[in-house]
Protein chains: 2
Amino acid sequence: MTQPGIDVTRSVGLALKRAVTSLRTAMDDVLRPLGLTVSQYACLEQLAQRPGLSAAALARLTFVTRQSAHTLLQGLEERGLLERSADPPSGRALPLQLTSTGAALLRSASTAVAAVETHMVSAIDANRVDQLLVDLDAFASALDQEAGPASGAQDELPQ
Amino acid sequence: MTQPGIDVTRSVGLALKRAVTSLRTAMDDVLRPLGLTVSQYACLEQLAQRPGLSAAALARLTFVTRQSAHTLLQGLEERGLLERSADPPSGRALPLQLTSTGAALLRSASTAVAAVETHMVSAIDANRVDQLLVDLDAFASALDQEAGPASGAQDELPQ
DNA sequence: TGCGTCATGTCAGCATTCTGACATACAGTG
DNA sequence: CACTGTATGTCAGAATGCTGACATGACGCA
């Protein structure tokens, strides 16, 4: 029973999972009144910061497949929160952009999500936040390089 | 565009998600040759450390619903990796335990997973690991209390 | 010009996990 | 003993995300 080193009480992986699960639940709770899921919010947020993104590019940024992004975007488009330019400027990629309705909804969502994140972050010493970000990023980088490219999604990010 | 505070480059939530996504992918990669998913591995691991657990208790420990655990356990039982005592000692709870086959497979899985986690953790200064665990735990606790009980799963953990 | 490759959008099917619901078994209370 | 409450196991359906596959448009190259 004394295996290599899976002490549950000090597994970083488990601690990460717990934190993410709690965060996701909390975000779900504040986004539900707005009729958004966490994935949908992530899409809107990215789209606001990078208008004209294609669906495939958006998928990479939100760490899902472009198929998943496709169905998700369909729902958002039907609700009038975003629109896709009818004219493909270059290849097949259709630039996406928020409608004014979508932008307004995103503002509410951003405020709510920011409150959740602020509350979470306030649970630790402010001086450690920056270091924490660096460490988490180091984790992702270490794991991604190990497994070869295309770890988070099916392609590299285009930057 | 200058909203409350959703600077993507320094969002703790996003950093957490990236790290967890990368970790999950890496674990999937090493567990796939063994025919296990991350969820299945988590079940086996918990079961090895706490033999006699009921399915519902296992669900709480692995942060899923007992319905999900049920279907997952069915698969593991059919593969002969675990067995449930036919006699309910008390209520309806059927104690679960690993078979020797399951224990052997878990040993391989544990070794593989430990290697992934070790590799991830080695990306940061060893002195910060303990603090990181404390901080992540503080995140989860802060979020859980906010949203009321029953955040991670549908019930509190029985400890 | 024609062909191979790649990225994208899209459809279909499958897997996983969730919510909802129901039956059962025990504990507590009258 | 009967009634209520709680915990568990289990089934059914829906939601979400994945893999696989295909068609299309752009680009590089002979």
Side-chain angles (χ1 to χ4, degrees), chain A residues 17 20-21 24-25 27-29 31-32 35-43 52-78 82 84-96 149-158, chain B residues 17 20-21 24-25 27-29 31-32 35-43 52-78 82 84-96 149-158:
Chain A
K17 174 167 183 175
V20 168
T21 299
R24 176 157 194 123
T25 302
M27 288 178 67
D28 270 330
D29 289 342
L31 288 175
R32 192 171 307 117
L36 289 176
T37 66
V38 173
S39 301
Q40 290 171 331
Y41 159 73
C43 271
L53 229 47
S54 74
L58 193 56
R60 284 188 293 267
L61 287 170
T62 52
F63 306 104
V64 298
T65 60
R66 66 181 192 278
Q67 292 92 333
S68 300
H70 175 66
T71 64
L72 195 154
L73 289 172
Q74 276 185 328
L76 292 178
E77 189 177 11
E78 287 171 7
L82 58 83
R84 45 215 320 176
S85 311
D87 62 328
S90 174
R92 302 194 66 197
L94 300 173
L96 297 160
S151 291
Q154 75 276 31
D155 286 317
E156 282 99 327
L157 293 178
Chain B
K17 175 168 182 175
V20 168
T21 300
R24 179 160 190 119
T25 302
M27 286 177 67
D28 271 330
D29 288 343
L31 288 175
R32 192 171 306 118
L36 289 176
T37 66
V38 172
S39 300
Q40 290 173 331
Y41 160 73
C43 271
L53 228 45
S54 74
L58 192 57
R60 284 188 293 266
L61 287 170
T62 52
F63 305 104
V64 297
T65 60
R66 67 182 193 279
Q67 291 91 331
S68 302
H70 176 66
T71 63
L72 195 154
L73 289 171
Q74 276 185 328
L76 293 177
E77 189 177 10
E78 286 170 7
L82 59 84
R84 43 217 319 176
S85 313
D87 62 329
S90 175
R92 302 194 66 197
L94 300 174
L96 297 160
S151 290
Q154 76 275 31
D155 287 316
E156 282 96 328
L157 293 178

Listed partners of B:Leu94 passing side-chain contact (heavy atoms from CB on, under 4.5 Å), at least two apart: B:Arg84, B:Pro88
N/O (side chain, A:Arg84) to phosphate O (OP1/OP2, C:dT10) under 4.0 Å: yes
Minimum heavy-atom separation for B:Ala56 to B:Arg66, with atom names? CA-CB, 4.2 Å
What is the distance, rounded to the nearest whole Å, between atom CG of A:Asp28 and atom C1' of C:dC18? 11 Å
When the distance from CD of B:Gln74 to P of D:dA12 is rounded to whole Å, what number comes out? 11 Å
Please report the closest heavy-atom contact between B:Leu73 and B:Ala55, naming both atoms and the distance. CD1-CB, 3.5 Å
Nearest to the side chain of A:His70, which nucleotide is it out of C:dT8, C:dT10, C:dC18? C:dT10
Is the phosphate of C:dT17, meaning OP1 or OP2, less than 4.0 Å from a side-chain N or O of B:Thr71? no
Rounded to whole Å, how long is the line connecting atom CG of A:Leu31 with atom C1' of D:dT16? 16 Å
Polar atom pairs (N or O), protein with nucleotides 2-5 of chain D, under 3.5 Å:
none

Nearest heavy atoms of A:Leu76 and A:Cys43, plus distance in Å: CD1-CB, 4.2 Å
Identify the two heavy atoms, one from A:Leu96 and one from A:Leu58, that lie closest to each other, and give their separation to 0.1 Å. CD1-CD2, 4.2 Å
Under the side chain to side chain donor-acceptor pair (under 3.5 Å) test, residues paired with B:Ser68 that sit two or more places apart: B:Thr65
According to salt bridge (charged side-chain N to carboxylate O under 4.0 Å, His left out), who are the partners of B:Arg92, at least two apart in sequence or on a separate chain? none
What is the distance, rounded to the nearest whole Å, between atom CZ of B:Arg60 and atom C1' of D:dT6? 12 Å
Of the candidates D:dT16, D:dG9, C:dT8, the side chain of A:Thr37 sits closest to D:dT16
Expressed in angstrom and rounded to an integer, what is the separation of A:Leu94 atom CG from D:dT24 atom C1'? 12 Å
Distance check: side-chain N/O of A:Thr65 vs OP1/OP2 of D:dT19, anything under 4.0 Å? no
Under 4.0 Å: is that the gap between some side-chain N or O of B:Ser68 and OP1 or OP2 of C:dT16? no
Report yes or no: is there a donor-acceptor pair, N or O only, under 3.5 Å between the side chain of A:Gln67 and the base of D:dG20? yes
Protein-nucleotide distance (A:Arg24, atom CZ; D:dG17, atom P), rounded to Å: 7 Å
Looking at every heavy atom in both A:Arg24 and A:Ser39, which two are closest together, and how far apart are they? NH2-OG, 3.9 Å
Once you round it to whole Å, what is the distance between C1' of C:dG9 and CG of A:Leu72? 15 Å
Could you write out each protein N or O paired with an N or O of nucleotides 23-25 of chain C at a distance under 3.5 Å?
| from | atom 1 | to | atom 2 | distance (Å) |
| --- | --- | --- | --- | --- |
| C:dA23 | N3 | B:Arg92 | NH1 | 3.2 |

How would you list, by chain and number, every residue that makes a side-chain contact (heavy atoms from CB on, under 4.5 Å) with B:Val20, sequence neighbours excluded? A:Leu16, A:Val20
